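To start, the structure under review is shown below, and the notes come after it.
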Amino acid sequence: MALQEIIPYLKDSEQTHFAAGQTIFNAGDIGYGMYFIVEGEVHISLQSRVLDHLEVGQVFGEMALVDDQVRSATAIAATDCVLAHIDKTRFTALTQQRPSFAAELMVIMSTRLRRFIEEEVKRQRLEQELAIGRQIQLSLLPESCPFRSGWDFAAFYRAARQVGGDLYDFISDPDQPDLLHIVIADVTGKGVPAAMFMALCRTVIRTEARNGRTPADLLRRTNQFLVNEQQSRTFLTAFFASLNVQTGEMRYAIGGHERPYWRQAENGRLQQLTGQGMLLGAFPTIRVEENTIVLAPGDTLILYTDGITEARRGPELFDEARLEEVIAAQANPSAQQLSQKILEAVDQFSGDTPQSDDITLVILKRWE
Amino acid sequence: MNLIVEKAQTPTPLTILKIQGDLDGSSYQSLIKKAQELYDSGVRRLLLDVSEMPFMSSAGLVGLHTVVTVMHGQQPPDMEGGWSVIHEITHNMDTQVTFDPNCKLLQPQPRVQKTLDITGFSSIIEVFTDRETAVASF
């Protein structure tokens, strides 16, 4: 509605000044009329999400004239503003003075409704895509942990609402039954593209592992494949290890991933594995170190993704310090027990703060 | 997240872009857009002041990576695809012996420095702990 056309009719309307940031009305309030913006700007929001930004000459709150429902959204002055309040009586008078007023209002309401419907359709489509992404991820994760005499394995995965794309895998080699390859990885991005990328990474890693590549070589080759083949801007952090289940010797390489924790039974020492290595998919060639440790009887290895250490409570992160505390506090837990303790600690810390990233934990314990 | 642009008083042109707030999935595209605007306006040397950036997620890494490639003179790829451009540029970046000359980082907070180290970004993008040295390095 053009301001100059409406202003003459608003001379008798109540006009109120609102300071920037001031709430005009809250969602759930009883509404007695609509507002016309004479000066300034107004935000319409719901649950902290700004739905609309209105300027001089525009109206809001018009639904209160049509039904007796409470306000459906919150209106806040975005700048200092002057608003003319038009209640039902004034509205009736306005439509008598200017018959087209009602029709113009209907056009505004119809346009707003159409836009909200479009946004709701988009939101639902995104939710569906995320659900598909989660399904793809879940279908690619191992159905169960491997069984190896003298070893205890536990694995946990929980997708976030905004799905990221964590991966873990156990790869056995029929030609070398003593060897078990272990992978944990984290894909950037979300939704179906991240899930498809994860599927691609899993295939490449499995293929290279079964080709007998050493951990560092495997990560370098995987990186090269991803950089050459992929068409989306997605990166992968990954940890890959080849474990000899008879001797406990584990060769590993870290591709920009969170450094796993190694808890030694002999001296109770808790340390993070060392080794430089770049994340995959960002640079055509990467530097990756390879190292070897020996997991002795009683030792535990804890692999995780940043969904654990970057779990939030407001601005605070769970962080490595808390994770180390939880691990160190357990006397001689099984892999499953330790996994549960870590997850309990993360959930207790986060409270009501929604999970923002996938959480993955893989724990190995050597018993004998 | 806020982005503050400052033209440094140096003999050779240098722009300092301060990132205030978290660099994550909700803000990395704004950073890329700003870097492209700066490049289009003639900026060729960029110091990213991350002293007030408490957190950088994996999406933030993508943003940082793209800013570096933008400062190499290439358009950021279509958000839906177009990686071939980045591949060409990162090939050049990765074969260089020294750090990237066009884009550097100033005073990352400990958590961010850790991410840069773990992912290997700190071997591609030079990191400085004081502003004078950072500015003088260009």
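Keep in mind that this is a model prediction, so the values were computed, not measured. Lettering of chains follows the sequences in order, A, B, ..., and the numbering in each one begins at 1.
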Counting only heavy atoms not in B:Glu132, do more than 12 sit closer than 6.0 Å to its CD atom?
no
Looking at B:Gln9, I'd like to know if its CD atom is crowded, meaning that more than 12 non-hydrogen atoms belonging to other residues, nucleotides or ligands lie closer than 6.0 Å.
no
For B:Met71 and B:Asn102, the nearest pair of non-hydrogen atoms, with its separation, is O-ND2, 3.1 Å
Could you name the residues of residues 250-261 of chain A that have a heavy atom within less than 4.5 Å of a heavy atom in chain B?
A:Gly256, A:His257, A:Glu258, A:Arg259
Donor-acceptor pair between B:Ser122 and B:Asp117 side chains, under 3.5 angstrom:
yes
Non-hydrogen atoms of A:Tyr157 and A:Ala159 that approach each other most closely:
OH-CB, 3.6 Å
Measuring centre to centre across the rings, with the benzene-like ring taken for any Trp, is A:Phe283 within less than 6.0 Å of B:Phe121?
yes
